[in-house]
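Chain A is the first sequence line, chain B the second, and so forth, proteins listed ahead of strands; every chain is numbered from 1.
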Protein chains: 2
Amino acid sequence: MADNGKDITIYDIAKKLDISAATVSRGLQDHPRVNKNTKKLIRKTAEEMGYHFNSFASNLRKKKSKVIGVIVPRLNSNFMSDVIAGIEKVVNNANYGLFISQSLETMQREISNADAMLNNRVEGLLVSLAYNTTDVDHFREFIRRKTPVIFFDRVTELENCPLIHIDNFKAAYEITLHLIDQGCKRIVHITGNLLRNVYKDRFDGYKKALEDRGIPFDDSLVIVNDLSAAAGTVAAQQILQMTPLPDGVFSSNDICAIACMLAVKQAGIKIPQQLAFAGFNNDPTCCVVEPNLTTVNYKGYEMGEVAAKMMINYLTDKDSVQPAHSVILRSELLVRESSLRK
Amino acid sequence: MADNGKDITIYDIAKKLDISAATVSRGLQDHPRVNKNTKKLIRKTAEEMGYHFNSFASNLRKKKSKVIGVIVPRLNSNFMSDVIAGIEKVVNNANYGLFISQSLETMQREISNADAMLNNRVEGLLVSLAYNTTDVDHFREFIRRKTPVIFFDRVTELENCPLIHIDNFKAAYEITLHLIDQGCKRIVHITGNLLRNVYKDRFDGYKKALEDRGIPFDDSLVIVNDLSAAAGTVAAQQILQMTPLPDGVFSSNDICAIACMLAVKQAGIKIPQQLAFAGFNNDPTCCVVEPNLTTVNYKGYEMGEVAAKMMINYLTDKDSVQPAHSVILRSELLVRESSLRK
DNA sequence: CTGTTAGCGCTTTCAT
DNA sequence: ATGAAAGCGCTAACAG
């Protein structure tokens, strides 16, 4: 910025060097057919004059933004901040910027966020759906514009958008089998909004495991809440009032499982002898709580990286118009003391 | 976007309605002196034609971006993701966008992030410094351009930039006094890079408390590391080898304190009887670990909100060229079992 | 209340 | 290897 308060432009540099703005533009972009010395001179002068590239002008002209949009339910969960960190690293290394917003779990805000992404002409959109999103028409305009949309974790089928997630059904199936193998026969399942694949699939995995082991599914053992710590504490009270007392709890996330476990423990229940526990996510807290919580390991950082790399590939290898392909990331059962009865 | 693959512009709308582009622009902006019906018609037509506002063109013309930049060391810590969530909410509600990047604790990346912020003409910048940033010249250009820069948490004096933080000295002083009052006489202090105010001030508070209680400061009781969980485990080994064994530990963050505590506990040390513990941040895990960790409550969400609101105020109340003012947020000592020996 | 016009700063043919 | 010129889409005087 010049001292008169105005931005230095390539024209200012051009005038000073008595060359054309076109050459300055090319020089700054390291265009092959610009004289090496001219380039060097342009860079030096730009630096000296305090020139700063104007992305708007460039974006307007080139009709692209070098920015990738991200819409997530909340930023402040251990899982999601890991995802974002992974995305940011990949995106930044590829010289793209990140435009981030949170839907705060409401579809209404998700829609307005999507609109802002459109106005800012993001070149790609990474989305994890809000708790109560019922339809995804607000993402169709991106598809019409051929702007890639990739869903991760909380996904949904939409045209040919790639989905990045784990096999929630299988992971839940395995963790439930594990509880059964430890001798549990009445297993409570705490879950979230079944509209979301992550909760629906885990619920289905739970039911399938019961079925495969010949345990009848009991509706009254299912608790639906928002999976927060507070909800976990409330769930503990519900569980304590069930007769007979259940002998296992599989919560669809760790935060809720841990709060619930602490509360029933407080009430004098022995864990895992009387009540075995299992969660989901492998939150760091699992290894702090006593007994350590059995869970499904499923790290966000990697998911963020994978989603972002896929996006960067789409945007970079213009040729590879490969059909959109979804990715199922690995997850693993981590057995810890909270469920070990043998 | 039209079906031919080109964006619909205000000119397309203007042509269709046989009015001028200026009127369309005004209508879309809800300009007062545009006929109500015309406005309604413009909106309806824009909607029908699939028009989407082009921020670049607008930004270029208006020389403003309606975007606020954020540079933080890492996105994936409980504290920082809370801060970001608070910022995002305020910024989004004020109809600004968020451009986020992480320095990954290096000054080099902080500099390149700052450069990207400049290119994208952010209207304001919120910064929490990287671990090893030694000078902040890379932010001077923003000041020259009168782009407000606000530091939070990990702050530094720079021109008149507002600083948002807590009284780290006082909080550390109080928590150390508390340990002393519980009978601790040899208190280990685990800290991070003393270049950063947060660690330096806490260290100073610790020393002052010792001094005020007539306990000589002992250099060999100070452990400097990166305050990660892994570092906490290592610190535990160092502590166990100290003779005589210390009787208290004050760690500059909770994550490190908890890892350390779990490790010494594992080694058979009784907490708090043999070794009392205190951390900093009030991470949710404090209430899960046994015994619960004494700490300083200091929530990020509020800090993010305060920083963002101040920024929005600067950007909105053009008149209030009030001198930059820093804010010291409240923090509170939370005494829990890990330090209660009486 | 509405239209005309001149850019914002950059990129990119098309020339030379 | 460099220049001239047009235009990306929007806004804000200014004029009426």
Side-chain angles (χ1 to χ4, degrees), chain A residues 1-2 4-43 45-46 49-67 118-123 145, chain B residues 1-2 4-43 45-46 49-67 118-123 145:
Chain A
M1 185 155 81
N4 63 12
K6 288 187 56 215
D7 270 19
I8 297 291
T9 72
I10 53 173
Y11 282 94
D12 299 319
I13 299 174
K15 200 175 296 169
K16 181 161 224 164
L17 295 179
D18 201 31
I19 55 179
S20 77
T23 302
V24 175
S25 175
R26 291 191 191 104
L28 256 14
Q29 295 172 75
D30 209 24
H31 187 102
R33 29 184 215 203
V34 169
N35 186 294
K36 278 215 166 186
N37 296 323
T38 316
K39 265 186 206 167
K40 210 170 283 178
L41 191 59
I42 289 171
R43 286 210 182 289
T45 312
M49 296 179 76
Y51 167 80
H52 287 282
F53 182 77
N54 186 323
S55 301
F56 304 143
S58 174
N59 293 342
L60 176 59
R61 177 60 227 241
K62 298 205 292 191
K63 291 166 168 269
K64 53 210 268 319
S65 62
K66 291 285 268 180
V67 169
L118 237 23
N119 292 346
N120 284 282
R121 300 293 193 272
V122 295
E123 290 184 41
R145 292 170 167 257
Chain B
M1 183 154 83
N4 63 11
K6 288 188 54 214
D7 271 18
I8 299 290
T9 72
I10 54 173
Y11 282 94
D12 298 320
I13 298 174
K15 201 175 296 171
K16 180 160 225 165
L17 295 179
D18 200 31
I19 56 180
S20 77
T23 301
V24 176
S25 175
R26 292 191 191 104
L28 256 13
Q29 295 173 73
D30 209 23
H31 187 102
R33 25 186 219 202
V34 170
N35 185 295
K36 278 216 166 186
N37 296 323
T38 316
K39 266 186 205 167
K40 209 170 283 179
L41 191 58
I42 291 171
R43 287 207 180 289
T45 312
M49 296 179 77
Y51 168 79
H52 288 282
F53 183 75
N54 186 324
S55 302
F56 304 143
S58 174
N59 293 342
L60 175 60
R61 177 61 227 240
K62 299 205 291 190
K63 290 168 168 269
K64 52 209 270 318
S65 63
K66 291 285 266 178
V67 169
L118 236 23
N119 292 346
N120 284 282
R121 301 293 192 272
V122 296
E123 290 185 41
R145 292 169 167 259

* **Minimum-distance nucleotide to B:R33 side chain [options: D:dC10, C:dT12, C:dC1]** => C:dC1
* Structure fact -> Heavy atoms of B:S65 and B:E123 approach each other most closely as N-OE2, 2.9 Å
* Approximate separation, where rounding is to 0.5 Å, of A:Y51 OH and A:T9 OG1 -> 7.5 Å
* Starting from P on C:dG9, measure out to CZ on A:F53 and report it in whole angstrom. => 13 Å
* Asked: Distance check: side-chain N/O of A:T38 vs OP1/OP2 of D:dT2, anything under 4.0 Å?
  -> yes
* Considering just the side-chain nitrogens and oxygens of B:T23, establish if one lies under 4.0 Å of OP1 or OP2 belonging to C:dG3. => yes
* Does a side-chain N or O from A:Y51 land closer than 4.0 Å to OP1 or OP2 of C:dC10, or not? -> yes
* Distance check: side-chain N/O of B:S58 vs OP1/OP2 of D:dT11, anything under 4.0 Å? -> yes
* Give a yes/no answer on whether the side chain of A:K63 brings an N or O atom under 4.0 Å of OP1 or OP2 in D:dG9. => yes
* To do: Take atom NZ of B:K39 and atom P of C:dC1, then tell me their distance rounded to the nearest Å.
  => 8 Å
* B:Y11 has an atom OH; how far is it from atom C1' of C:dG3, in whole Å? -> 11 Å
* Using a strict 4.0 Å threshold on nitrogen-to-oxygen distance, state whether B:K63 and A:D7 make a salt bridge. => no
* Asked: Nearest to the side chain of A:R26 - D:dC10, C:dC10, C:dT13?
  -> C:dT13
* Asked: Which part of the nucleic acid does B:S25 contact within heavy-atom distance under 4.0 Å: base, sugar-phosphate only, or nothing?
  -> base
* Would you please confirm or rule out a distance under 4.0 Å between OP1 or OP2 of C:dG3 and any side-chain N or O of B:S20? => yes
* Asked: Do A:R33 and A:R26 touch side chain to side chain, with heavy atoms closer than 4.5 Å?
  -> no
* Asked: Mapping B:Q29 and A:L60 to their closest nucleotides on DNA chain D, which lands nearer the 5' end?
  -> A:L60
